[in-house]
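Position 1 is the first residue of the sequence, and the numbers go up from there. Small disclaimer: the values here were computed from a predicted structure and weren't measured.
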Amino acid sequence: MPPPPTLALPLPAALRGGRPSDARRRGRLLTLALFLLLAALALAAYISSPGAARRLAAAEPGRARCGGIQGLELWGPAVNWGSDHRQPSAAACCASCKAHRRCDSWVFCGDRRRCGNRFGECWLKKQNDAMAPAVIARGEDVMWTSGLVFGKSSQGIVGLETSVGTLRVQLLPDCAPHSVDYFIELLGLHNYAGCRFYRAEGRGHLWDAKGEHVKNAAFGPPYALLQGTLEVDGVAFQEMPKEGCSAVRRGSVAWIGSGPEFLISLADHDEWRDAYTVFGSVMPEDMAVAEEMAMLPTSTDVWSGVTVRLLKDPVYLKVKRRSNTTAY
């Protein structure tokens, strides 16, 4: 099958070219480049030190992040009234929701001109179902910003159900609220025609079983990933904005470009830096399903000079959700 047009794996080469410069400017640029190279080598030495990568990973999943969607007003019972609870920013409103034991959604008025005397109102709410929140208004003319908070380990989990097994994915509303919003839309459709995995590449000898890169090894091929699409046949897909926790770790689920192509990483990919929007993470106990999928029969193809492994038979998927009566 031909490669989807938005693919960018592995990372594209650095941008080349630029405006003409004289010899003096080239000299200054060369000095700056040498300085940056030395700084990068020092940083690489720190990152490669024992435990450093894990420390960076532990700090990554968006604890300081708190994201919402502008132009969205969520409804539902209030656990803290905005008229009595004002915050300086949407992030602060989100943080106050996290600190409240009953709050799972927040609504903030941050447009000073349109909000008027309601500017700063921060409504903390409790949805009847956080994965199907009550929406009262949505659009550019809505002055509110809203977001979800999945405080419990059982909240915000969807299952990618396949013939190989189910991959449970913990969604990350802090990092990727628009992506979470799309999954909520998918769950409401009950239609997943066209959603599938079509590329599967194992770790080879480049990463170990924990997903850590082997010293002095190449970064692919193979690229230690599963790749597919989350576009439903017959339903227009709206491009996703750049958002998300930047580091791609083993189990990370991320959009490629602005979607609907996505990947599940089988290894830590520090070399990708912030190129992909991470919006979820596969539950560790389900990574065995991903590994099994990576061992399915494949054929090779060349995309833009890169050798890739395509599944001989695509693995179709359904997006399901956790309920009180059904476990994956």
Visitor: Evaluate whether atom CZ of R102 has more than 12 neighbouring non-hydrogen atoms of other residues, nucleotides or ligands under 6.0 angstrom away.
Guide: no

Visitor: Output all residues satisfying disulfide bond (SG atoms under 2.5 Å apart) with C103, sequence neighbours left out; order by chain, then residue number.
Guide: C97

Visitor: Knowing that exactly one of F262, F279, F150, Y192 qualifies, which makes a ring pair (Phe, Tyr, Trp, His ring centres under 6.0 Å) with F183?
Guide: F279

Visitor: Are there more than 12 heavy atoms of other residues, nucleotides or ligands under 6.0 Å from atom CD of Q70?
Guide: no

Visitor: Could you grab the distance from atom CD of E185 to atom CD of Q238, nearest 0.5 Å is fine?
Guide: 7.5 Å

Visitor: Taking W123 as the fixed residue, which of W81, W106, F108, W75 is the one that meets the ring pair (Phe, Tyr, Trp, His ring centres under 6.0 Å) rule?
Guide: W81

Visitor: How about H85 and E121: do any of their side-chain heavy atoms sit closer than 4.5 Å?
Guide: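 SC-SC contact between H85 and E121 ruled out.
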
Visitor: Passes side-chain contact (heavy atoms from CB on, under 4.5 Å), L167 versus F197? Steps please.
Guide: CA-CA 12 Å; L167 295 162; F197 291 101; 4.1 Å; yes

Visitor: Which class fits the ring pair W272 and H269: parallel under 30°, tilted 30 to 60°, perpendicular over 60°?
Guide: parallel

Visitor: I'd like to know if the side chain of S146 and the backbone of L72 have a donor-acceptor N/O pair within less than 3.5 Å.
Guide: yes

Visitor: Please check if the side chain of R203 supplies one atom and the backbone of K210 the other of a donor-acceptor pair under 3.5 Å.
Guide: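 Absent.
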
Visitor: Going by heavy atoms in the side chains, are I184 and L148 under 4.5 Å from each other?
Guide: yes

Visitor: Could you go through H100 and V79, starting from their C-alpha distance and side-chain angles, then the distance that decides it, and tell me whether this counts as side-chain contact (heavy atoms from CB on, under 4.5 Å)?
Guide: CA-CA 9 Å; H100 195 291; V79 297; 3.8 Å; yes

Visitor: Show the numbers, then the answer: is there a side-chain contact (heavy atoms from CB on, under 4.5 Å) between L160 and I264?
Guide: CA-CA 11 Å; L160 306 184; I264 294 177; 4.3 Å; yes

Visitor: Using the side-chain contact (heavy atoms from CB on, under 4.5 Å) rule, take L187 and V319 through it: C-alpha gap first, then chi angles, then the decisive distance, then the call.
Guide: CA-CA 7 Å; L187 292 172; V319 182; 3.8 Å; yes

Visitor: Please tabulate, for side-chain N and O atoms in residues 306-317, each donor-acceptor pair with protein atoms closer than 3.5 Å (sequence neighbours left out).
Guide:
none

Visitor: Kindly indicate whether the side chain of H178, heavy atoms from C-beta on, has any atom under 4.5 Å from the side chain of T277.
Guide: no

Visitor: Quick one: does E73's side chain have a donor or acceptor within less than 3.5 Å of a partner on V142's backbone?
Guide: no

Visitor: How long is the span from the SG atom in C245 to the CG atom in D274, to the nearest 0.5 Å?
Guide: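 C245 SG to D274 CG: 12.0 Å, rounded to 0.5 Å.
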
Visitor: V214, F219: one ILVMFWY side-chain cluster at the under-4.5 Å cut-off?
Guide: no

Visitor: Taking the side chain as every heavy atom from C-beta outward, state whether M143 and F119 have any atom pair closer than 4.5 Å.
Guide: no

Visitor: Any ion pair linking R250 and D268 (charged N to carboxylate O, less than 4.0 Å)?
Guide: no

Visitor: Determine whether more than 12 heavy atoms belonging to other residues, nucleotides or ligands lie under 6.0 Å from atom CG of D233.
Guide: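 Yes, CG of D233 has more than 12 neighbouring heavy atoms, counting only those of other groups under 6.0 Å.
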
Visitor: With a 6.0 Å cut-off on ring centres, are Y223 and W303 close enough?
Guide: no

Visitor: If you measure from CZ on R321 to CZ on R168, what distance do you get to the nearest 0.5 Å?
Guide: 15.0 Å

Visitor: Is the shortest side-chain heavy-atom distance between V158 and M131 below 4.5 Å?
Guide: yes

Visitor: Can you tell me how far the CD atom of E261 sits from the CH2 atom of W255, to the nearest 0.5 Å?
Guide: 9.5 Å

Visitor: Quick one: pull up OG in S96 and CZ in R86 and give me the separation to the nearest 0.5 Å.
Guide: 13.5 Å

Visitor: For residues I136 and V107: do they belong to one hydrophobic cluster (side chain heavy atoms under 4.5 Å, members Ile, Leu, Val, Met, Phe, Trp, Tyr)?
Guide: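 The answer is no; the residues belong to distinct hydrophobic clusters.
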
Visitor: Is a side-chain N or O of K125 found less than 3.5 angstrom from the main chain of L74, in a donor-acceptor match?
Guide: yes

Visitor: To the closest 0.5 Å, what do you measure between CG (D286) and OG1 (T166)?
Guide: 7.5 Å

